[in-house]
Protein chains: 2
Amino acid sequence: MFSLAEENYLKTIFHLEQEYRSGVSTSAIADKMDTKPSSVTDMVQKLAEKEVLSYKKYKGTLLTKSGKAIAANVIRKHRLWEVFLVAKLNFHWDEVHDIAEQLEHIQSEELIIRLDEFLEHPNFDPHGDPIPDEQGNVYPTEKKTLSELEKNQQGICVGVKESSTEFLQYLDKRKIGIGVKITVLRKEYFDGSMMIQVGGNQLFISNKIADNLYINII
Amino acid sequence: MFSLAEENYLKTIFHLEQEYRSGVSTSAIADKMDTKPSSVTDMVQKLAEKEVLSYKKYKGTLLTKSGKAIAANVIRKHRLWEVFLVAKLNFHWDEVHDIAEQLEHIQSEELIIRLDEFLEHPNFDPHGDPIPDEQGNVYPTEKKTLSELEKNQQGICVGVKESSTEFLQYLDKRKIGIGVKITVLRKEYFDGSMMIQVGGNQLFISNKIADNLYINII
DNA sequence: TTTAATATTTAGGCTTGTCTAAAAATAAAA
DNA sequence: TTTTATTTTTAGACAAGCCTAAATATTAAA
Ligand SMILES: [Mn+2]
Ligand SMILES: [Mn+2]
Ligand SMILES: [Mn+2]
Ligand SMILES: [Mn+2]
């Protein structure tokens with residue numbers, strides 16, 4: 001059994017591994033978790049003892065197979081609860097993350113089996129992120145961001161890279177969400193900003209925004 | 001904000017106050033919480049500082065108004081989640097307590113408002129216990145137990161005093177549950193045991209069983 | 001009412017998970 | 001290749017919540 005703190009470390013390291021595809025540094029973990037590098041070192045050494053990750057001093061860490069499975073399961077729970085909150089309790093997609101952050105630590109195999117059933121086995125959470133299966137397999141869809149589209153290309157928004165409340169509310173205000181069709185009308189090459197068509201409106205967005213929107217080209 | 005441990009103490013003291021209608025002793029709390037009296041003293045002194053209960057050395061404790069409100073809210077959450085688990089996820093009534101014990105500590109006002117809505121504002125949990133309202137008011141229904149019925153009296157089972165897995169499974173095996181009609185066929189006065197009619201069957205039960213079944217006489 | 005039993009509190013210690021400050025290793029710059 | 005800057009680890013401390021053992025109050029018995 002892993003504590004709430006341990007589960008959070010494993011989850012964070014899992015995400016960072018996917019992002020950087022290499023050993024995860026102590027400071028990267030500290031950054032993501034809003035904690036101090038010295039605290040991370042302590043915890044990482046403890047988790048190495050429990051063989052859920054490998055760790056060599058000054059060289060960063062990598063999850064073991066069992067570490068990955070535990071992390072994927074926490075992420076599975078997080079995303080299933082997010083689906084529940086949006087689909088059943090009518091929460092908006094920018095309100096669910098913090099609640100799911102708590103719910104993901106509820107310990108009960110059976111609960112998750114039945115929740116998954118109740119939700120009719122969803123494959124994606126409300127932000128377009130894939131839900132790992134019971135075995136801990138995630139199928140990370142090879143996603144393009146809006147910033148990769150060229151002038152006159154069109155696509156459907158399928159997810160967001162960041163899911164902070166601020167970003168999601170920015171999107172809402174502009175009627176951008178999952179399933180929405182976006183067309184690139186103009187693209188500035190010196191800063192990657194672009195003019196896009198969304199529904200009836202045209203709007204100007206920075207590269208930072210475009211880079212955080214996942215798109216399926218059509 | 002109160003920690004998980006603090007919430008559990010408040011909840012336990014709330015239940016004990018209702019049971020004994022007087023100052024709750026250190027050892028009574030320790031017993032119910034499966035902990036040591038010395039731990040209880042520590043925590044109770046901390047909670048007195050926070051003014052959620054009053055405490056005088058060697059004299060036991062009583063919740064203050066705010067302490068009662070916090071406790072009732074935790075109980076409200078516990079019972080709403082139990083309803084969710086039984087009504088929506090098809091859990092059986094003997095499986096939900098431990099999961100609700102975790103879920104009751106999820107922090108989100110909005111979540112409970114919406115859960116209550118989703119469940120259509122239930123008034124009782126799956127064991128027949130009343131769900132406190134948002135203001136923390138509980139209306140403890142004046143309940144009779146089966147052991148108070150006399151020969152030839154009939155009633156409907158409306159709840160259970162104990163809700164341990166063992167007891168609930170004992171009841172299930174004998175087709176006793178909420179809504180079931182029970183008739184007292186014979187009663188032994190030296191030990192309170194009785195022969196009862198449940199559905200098509202007659203069965204013999206001890207006073208301990210009868211004393212843990214709440215009944216509405218019809 | 002004095003003595004014995006029981007209940008409660010205090011003292012001191014342990015684990016988890018965090019922190020700051022200092023030391024050590026690694027990476028970057030000169 | 002030294003020197004400097006940055007990253008990481010260690011050392012030592014602290015709060016929360018628990019424990020055991022010892023001291024003290026209260027209650028029950030004699
Ligand atoms: Mn989330
Ligand atoms: Mn999500
Ligand atoms: Mn319960
Ligand atoms: Mn209940």
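By convention in this document, chain letters (A, B, ...) are assigned in the order of the sequence lines, proteins followed by strands, and residues within each chain are numbered from 1. Scope of the values below: all heavy atoms of this structure, side chains included, with no hydrogens, waters or symmetry mates.
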Notebook entry, point to check: What string of B, S and - do you get for nucleotides 3-15 of chain D 5' to 3' if you count protein non-hydrogen atoms under 4.0 Å?
Noted result: -----BBB-----
Notebook entry, point to check: When the ring planes of B:Phe84 and A:Phe118 are compared, do they come out parallel, tilted or perpendicular, using 30° and 60° as the limits?
Noted result: perpendicular
Checklist line | Lys/Arg-Asp/Glu bridge criterion (N-O < 4.0 Å) met for B:Lys11, B:Glu7 | finding: no
Margin query: Output the rounded distance in Å from CE (B:Met43) to P (D:dC19).
Written below: 11 Å
Item checked: Under 3.5 Å: donor-acceptor pair, side chain of A:Lys187, backbone of A:Ser193 -> no
Note to self: Output the rounded distance in Å from CE (B:Met1) to P (D:dA16).
What the structure shows: 16 Å
Check: Rounded to the Å, how far apart are B:Lys46 NZ and C:dT9 P?
Finding: 16 Å
Next item on the list: Let me know the distance between CE of B:Met33 and P of D:dC18, rounded to the nearest Å.
Entry: 7 Å
Item checked: Nearest-angstrom distance from the residue atom NZ of A:Lys50 to P of C:dT15 -> 14 Å
Check: Side chains of B:Trp93 and B:Asp125: is there a donor and an acceptor less than 3.5 Å apart?
Finding: no
Check: Do other residues, nucleotides or ligands put more than 12 heavy atoms under 6.0 Å from the CD atom of A:Gln18?
Finding: yes
Check: Atom NZ of B:Lys36 and atom C1' of D:dA21: how far apart are they, to the nearest Å?
Finding: 12 Å
Notebook entry, point to check: In whole Å, what is the span from the CD atom of B:Glu7 to the C1' atom of D:dG17?
Noted result: 15 Å
Margin query: Is there a side-chain contact between B:Tyr9 and the phosphate of D:dC18, meaning an N or O under 4.0 Å from OP1 or OP2?
Written below: yes
Check: Does B:Thr35 put a side-chain nitrogen or oxygen below 4.0 Å from OP1 or OP2 of D:dG17?
Finding: no
Next item on the list: Give a yes or no on whether a salt bridge exists between A:Glu104 and A:Arg76, defined as a side-chain N under 4.0 angstrom from a carboxylate O.
Entry: no
